[in-house]
Participant: 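Here it is: the structure, laid out below.
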Amino acid sequence: MGHGNPKETILDRILSEEVWLPWSLLLLSLKCETNAFYVPGVAPINFHQNDPVEIKAVKLTSSRTQLPYEYYSLPFCQPSKITYKAENLGEVLRGDRIVNTPFQVLMNSEKKCEVLCSQANKPVTLTVEQSRLVAERITEDYYVHLIADNLPVATRLELYSNRDSDDKKKEKDVQFEHGYRLGFTDVNKIYLHNHLSFILYYHREDMEEDQEHTYRVVRFEVIPQSIRLEDLKADEKSSCTLPEGTNSSPQEIDPTKENQLYFTYSVHWEESDIKWASRWDTYLTMSDVQIHWFSIINSVVVVFFLSGILSMIIIRTLRKDIANYNKEDDIEDTMEESGWKLVHGDVFRPPQYPMILSSLLGSGIQLFCMILIVIFVAMLGMLSPSSRGALMTTACFLFMFMGVFGGFSAGRLYRTLKGHRWKKGAFCTATLYPGVVFGICFILNCFIWGKHSSGAVPFPTMVALLCMWFGISLPLVYLGYYFGFRKQPYDNPVRTNQIPRQIPEQRWYMNRFVGILMAGILPFGAMFIELFFIFSAIWENQFYYLFGFLFLVFIILVVSCSQISIVMVYFQLCAEDYRWWWRNFLVSGGSAFYVLVYAIFYFVNKLDIVEFIPSLLYFGYTALMVLSFWLLTGTIGFYAAYMFVRKIYAAVKID
C-alpha cells in the first residue's frame, strides 16, 4: 500500500487478481465497506505548518491475558495535567481510557531525539515495585496503543517472500500490527522499548495560490527501540543523541532492583499521496483478504446448492403427501397409513412451559432485529472503526429499543399457546435473557476489578446500564407484550383433540441430541470462516470491518436455519411425534453447539492463554455468545417451522 499506487483501493487490487467476473458485481455492491464513507461528525482536521498534533494513549492490551490496562497503570512519563477524554458507552465497555501524553509533536516539524520527563538530564528511576510490574507486562506480551488525530499507531512488519535466494531484490510483503510491543525478552532477560521513532505521513491539501497550505494526517507508524541509559546522551535542553548504527545495547529491566533509564522519542514526517478518506485502508488490510473472498463465495455456492436440493425434495414429497391425503375415494387407505396427517388433532397442542418458550422467542426476535439493523448500518459504513465504540453503543441501545418487537411477538405467541398471565409473561420476557447476560457479565467484572484492569466496567456505567434496562427496555417490552396479547392469536388451521394421541416409539435418529448435531452442520458450515475473523477481532485486537460480507453470511444463515428447521419438523411429524415446539427451538439452534466446539478449538490452537482469570473471561464471554447465537438461530428456525406446519395442515382436507 505504501509504495504501490496509493489511489488504488483495496477492492480494485483484489478485483485485479482474477476474481470471477460474475462475482464482480456482488463485490462492487459490497465496496461500501472499505470505501470513503464516514459518519457526519467524523470530519477531517486540517493542520497548518507547526500546528500541534496531539498524541493520545488508548490502553495496553495483550491477547495472552485479555485484560486491558490504562496507559498510566505503568510508570510512563506523565504530562503536567492528565486529562481523560469523555467516552461513549462502547469505548468504556471495550476498556479504552483515552488520555493525553507528554509527546510534543508539531505538524511537519522534525525532531531528532527528545527526552521525556527528565529534570536537568537526570534519568527516570523505576522502583523495584515498578520494575517488577513493567517486567511482568513485557513477559505477558503487552502492546501499547496510541492515537494521533484519531489514527491508531501501527508497527510495520516487512516479511520477505520466499523467492530464489539469488534474487537480491526480494519482494517485501509489508504488514502492520496494531500498537507497538512494550518490550521483548531474550535469553531470560527482559528489555523495555524506551525510545519511540514516530513516522507520521501527511497529505498536502490542494489550495488556491494565495492561501497557506494545510495538511492532514494519513498514517501513524512507530519504530520502537530499546536503548540503554549509557548509550543515550542527553543535554540540559531535553534533547538527546542516539547512538550510531547497531553498536548500542538494549535497555534491560531487572525486576529485582531499581532501574534507571531515559524515555525518549523522535518525530519524522513524510508526504503521502494517500487521501484522508482512504487512510484507514492500511489498518484494514492486515490479513489475507483474498482467502476471505474465496471462502465466502465457496460458502454461498455450497449453501445455496444444498438449500436448493432440500427445498426440491421437501416440496416434491409434500405435494405427493397432500395429493394422497386429499383423494376422497382412498380415505380408508389413507387412514391406515402413517404420516403427518395422523397427528392433525395434536400438532397445535400447547407445549409445557409456554411462558418460558414465548419469553425466549421474544428475546430471540429482539436479538434478530438488533443484529440485522447493526450489520446493515455498519455495511453502509456508518460504524467504521474511526468512530470508536460506535458499534457497541449502537448495539446496546438498539437491543433496548427492539424490546417493543420482542414483547409484541412474545405476547402474541403466549396468547396463541392459551396463556393467561400476560403481566408475568412480559416480566419474564424483559428479564430472563438480559438477566442471564447481566449476571454473567457482573461475575466476570468482579474478577476483572480484582485485577485493576481498565476492562472492568465502572460502577456508574453499570448503574447506567441497569437504568437503561429497567427504564427503557422493560417498559417497551411491557408495551409490546400488551398489544401482542390483545391482538388476535395466530390462526391454527385445525382443531386440537381433547385427548392426546399416543406417541409411537421413536427411532434412535429422532433423539434430540442427534437432531442438534444434524441440524447444526449446514448453518455452521456457511459461517465458520466469518467466525474466524470475528474471533480474531475480539480476542486478538484486530479490526473487523467486512460488514458487507457479514450481511451476506447473515442472510445465508437465516435461509439455512429456516430450511433445516422445516426438514427436521417434517421428519418429526412423519414419525407421529407432535411435541415439536420445544424440540424445534432447541434443534434449530444446533449450530450454537458447533460454535462452542469451535471456540474451544480456537482457545487451544490459536490463543496463548494459560492463567485462570483470562481463561475464565474467554469461556464466560464465549458462553454468552453461544447462548445469544442459540436464541437467534432457534428463533429463526422456530418461526420458519411454525409457518410451515400451519401451511401444510391448511392444505389437507380434515374430516
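All heavy atoms count here, side chains included; hydrogens, waters and symmetry mates do not.
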Participant: Determine the minimum heavy-atom distance between V218 and H203, stating which atoms define it.
Facilitator: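 Shortest heavy-atom contact: CG1-CB, 3.7 Å.
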Participant: Can a cation-pi geometry be assigned to R97 and Y84, taking NZ or CZ under 6.0 Å from the six-membered ring centre and within 45° of the ring axis?
Facilitator: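 Ring-cation test returns no.
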Participant: Under a 3.5 Å threshold, yes or no: a donor from one side chain and an acceptor from the other, between Y142 and T65?
Facilitator: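 On atom types as modelled, these side chains qualify, holding a pair under 3.5 Å.
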Participant: Do Y143 and Y180 make the cut of ring centroids closer than 6.0 angstrom?
Facilitator: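 Ring centroids of Y143 and Y180 are no less than 6.0 Å from each other.
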Participant: Ignoring hydrogens and geometry, is there a side-chain-to-backbone donor-acceptor pair from N100 to T83 under 3.5 Å?
Facilitator: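 Yes.
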Participant: When you compare the side chain of L67 with that of L617, does any pair of heavy atoms fall below 4.5 Å?
Facilitator: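 Yes - at least one pair of side-chain heavy atoms lies under 4.5 Å apart.
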Participant: Quick check: do F368 and F554 have side-chain heavy atoms less than 4.5 Å from each other?
Facilitator: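 Yes. Closest side-chain heavy atoms under 4.5 Å.
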Participant: Might you point out which heavy atoms bring G637 and N584 nearest each other, and give the distance in Å?
Facilitator: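 Heavy-atom minimum between the residues: O-OD1, 3.4 Å.
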Participant: Give a yes or no answer on whether the side chain of S560 reaches the backbone of I556 with a donor-acceptor pair at less than 3.5 Å.
Facilitator: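 Confirmed, S560 side chain pairs with I556 backbone.
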Participant: When you measure from the side chain of S628 to the backbone N and O of L624, does any donor-acceptor pair fall under 3.5 Å?
Facilitator: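 A pair under 3.5 Å: yes.
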Participant: Roughly how far, to the nearest 0.5 Å, is the OG1 atom of T394 from the CE atom of M382?
Facilitator: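 Reported to 0.5 Å precision, the distance equals 11.0 Å.
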Participant: Begin from the C-alpha positions of S409 and L361 and carry the test side-chain contact (heavy atoms from CB on, under 4.5 Å) through to its verdict.
Facilitator: CA-CA 8 Å; S409 55; L361 287 162; over 6 Å; no
Participant: Where do K85 and E91 land on the salt bridge (charged side-chain N to carboxylate O under 4.0 Å, His left out) test, with the steps shown first?
Facilitator: CA-CA 10 Å; K85 170 187 166 286; E91 286 174 319; 3.1 Å; yes
Participant: The test is side-chain contact (heavy atoms from CB on, under 4.5 Å); show your working for L146 and F220 and say whether it passes.
Facilitator: CA-CA 9 Å; L146 305 173; F220 181 25; 4.2 Å; yes
Participant: Measure from the side-chain N and O atoms of S565 to the backbone N and O of A640, and report whether any donor-acceptor pair falls under 3.5 Å.
Facilitator: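 Not confirmed, S565 side chain does not pair with A640 backbone.
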Participant: Got W539 and Q66 here, is their nearest side-chain heavy-atom distance under 4.5 Å?
Facilitator: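 With C-beta onward as the side chain, the pair touches.
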Participant: Any chance you could measure I516, atom CD1, to R583, atom CZ, to the nearest 0.5 Å?
Facilitator: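 That separation rounds to 8.5 Å.
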Participant: Side chains of R486 and Y482: donor-acceptor distance under 3.5 Å anywhere?
Facilitator: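 Short answer, yes.
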Participant: Does CZ belonging to F603 count more than 12 external heavy atoms closer than 6.0 Å?
Facilitator: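 Yes, because the 6.0 Å sphere around CZ of F603 holds more than 12 heavy atoms from other groups.
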Participant: Of the non-hydrogen atoms in G548 and M379, which two are nearest, and what is the gap between them?
Facilitator: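 Closest pair (atom of G548, atom of M379, distance): CA-CG, 3.5 Å.
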Participant: In sequence, state the C-alpha distance, the side-chain angles, and the governing distance for T429 and M355, and then conclude on side-chain contact (heavy atoms from CB on, under 4.5 Å).
Facilitator: CA-CA 9 Å; T429 307; M355 186 186 288; over 6 Å; no
Participant: Measure from the ring center of F535 to the ring center of Y598 and say whether it is less than 6.0 Å.
Facilitator: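 F535 vs Y598: aromatic centres under 6.0 Å.
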Participant: Establish, yes or no, whether the cationic atom of R412 lies under 6.0 Å from the six-membered ring centre of Y414 and within 45° of the ring axis.
Facilitator: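 No, cation not above the ring by the 6.0 Å, 45° rule.
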Participant: Using distance alone, with no hydrogens and no angle criterion, decide if R388 and N88 have a side-chain donor and acceptor under 3.5 Å apart.
Facilitator: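 Result is no, nothing qualifies.
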Participant: Any idea how F638 and W580 line up, ring-wise: parallel (<30°), tilted (30 to 60°), or perpendicular (>60°)?
Facilitator: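 Rings of F638 and W580: parallel, under 30°.
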Participant: In this structure, are over 12 heavy atoms from other groups packed under 6.0 Å from F76 atom CZ?
Facilitator: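 Above 12, so yes.
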Participant: Judged by atom type as modelled, is there a donor-acceptor pair below 3.5 Å linking the side chain of T155 to the main-chain atoms of G179?
Facilitator: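 Pair found, side chain donor or acceptor close to backbone of G179.
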Participant: Between V553 and A526, what is the shortest heavy-atom contact and its length?
Facilitator: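 Scanning both residues, the minimum pair turns out to be CG1-O, 4.2 Å.
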Participant: Measure the CG-OG distance between L432 and S358 for me, rounded to the nearest 0.5 Å.
Facilitator: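 It comes to 10.0 Å.
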Participant: Is W276 close to R279 at the side-chain level, that is, under 4.5 Å between some pair of heavy atoms?
Facilitator: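 R279 reaches W276 side chain to side chain.
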Participant: Return all side-chain donor-acceptor pairs below 3.5 angstrom for residues 461-480, not counting sequence neighbours, or 'none' if the list is empty.
Facilitator:
from: W469; atom 1: NE1; to: A430; atom 2: O; distance (Å): 3.0
from: Y478; atom 1: OH; to: K423; atom 2: O; distance (Å): 3.2

Participant: R216 versus D149: any side-chain heavy-atom pair under 4.5 Å?
Facilitator: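 Side chain of R216 against side chain of D149, heavy atoms only: no contact under 4.5 Å found.
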Participant: Would you list the atom pairs, donor with acceptor, under 3.5 Å between side chains in residues 440-450 and any protein atom, with sequence neighbours excluded?
Facilitator:
from: N445; atom 1: OD1; to: V457; atom 2: N; distance (Å): 2.8
from: N445; atom 1: ND2; to: V457; atom 2: O; distance (Å): 3.1

Participant: Counting C-beta onward and ignoring hydrogens, is there a side-chain heavy-atom pair between S62 and Y69 closer than 4.5 Å?
Facilitator: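 In short, these two side chains do not touch, never coming nearer than 4.5 Å.
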Participant: Closest approach of F629 and A592, non-hydrogen atoms and distance?
Facilitator: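 So the minimum-distance heavy-atom pair works out to CD2-CA, 3.7 Å.
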Participant: I'd like to know if the side chain of S453 and the backbone of P68 have a donor-acceptor N/O pair within less than 3.5 Å.
Facilitator: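 Present.
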Participant: Is it the case that more than 12 heavy atoms not belonging to Y353 sit under 6.0 Å from its OH atom?
Facilitator: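 Counting other residues, nucleotides and ligands, OH of Y353 stays at 12 neighbours or fewer.
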Participant: For S454 and G95, work out which heavy atoms get closest and say how close.
Facilitator: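 S454 and G95 have their closest heavy atoms at OG-O, 2.9 Å.
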Participant: What's the separation between atom CD in E530 and atom CG in L557, rounded to the nearest 0.5 Å?
Facilitator: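 Rounded to the nearest 0.5 Å, the CD-CG separation comes to 11.5 Å.
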Participant: Is it true that atom CZ of F528 has more than 12 heavy atoms of other residues, nucleotides or ligands lying nearer than 6.0 Å?
Facilitator: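 Result for CZ/F528: open.
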Participant: Could you state the interatomic distance from CG (L93) to CD (E87), rounded to the nearest 0.5 Å?
Facilitator: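 So the CG of L93 and the CD of E87 are separated by 10.5 Å.
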Participant: Kindly say whether F532 contributes a backbone atom to a donor-acceptor pair with the side chain of K606 at under 3.5 angstrom?
Facilitator: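 Answer holds: no.
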Participant: Just so I know, are the side chains of W582 and I356 near enough to count as touching, which here means a heavy-atom distance under 4.5 Å?
Facilitator: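 Yes, their side chains come closer than 4.5 Å.
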Participant: Rounded to the nearest 0.5 Å, what separation is found between the CD1 atom of I375 and the CZ atom of F547?
Facilitator: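 Answer for the CD1-CZ pair, I375 versus F547, is 8.0 Å.
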Participant: In terms of ring plane angle, is the pair F585 and W630 parallel, tilted or perpendicular, where the classes change at 30° and 60°?
Facilitator: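 Answer is tilted, since the angle falls between 30° and 60°.
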Participant: Would you please classify the geometry between the Y481 ring and the F485 ring as parallel, tilted or perpendicular, with 30° and 60° separating the classes?
Facilitator: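 Parallel, since the angle between the ring planes stays under 30°.
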Participant: Tell me whether the rings of W581 and Y642 are parallel (<30°), tilted (30 to 60°) or perpendicular (>60°).
Facilitator: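 Correct class here is tilted.
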Participant: Take T622 and I600, measure what side-chain contact (heavy atoms from CB on, under 4.5 Å) needs, and give me the verdict at the end.
Facilitator: CA-CA 9 Å; T622 297; I600 295 167; over 6 Å; no
Participant: Can you tell me if H145 and T61 form a side-chain donor-acceptor pair at under 3.5 Å?
Facilitator: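 Judged by distance alone, the side chains do pair up.
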Participant: State, yes or no, whether a side-chain contact exists between I564 and S588 at a heavy-atom distance under 4.5 Å.
Facilitator: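 Result no, sub-4.5 Å side-chain heavy-atom pair not found.
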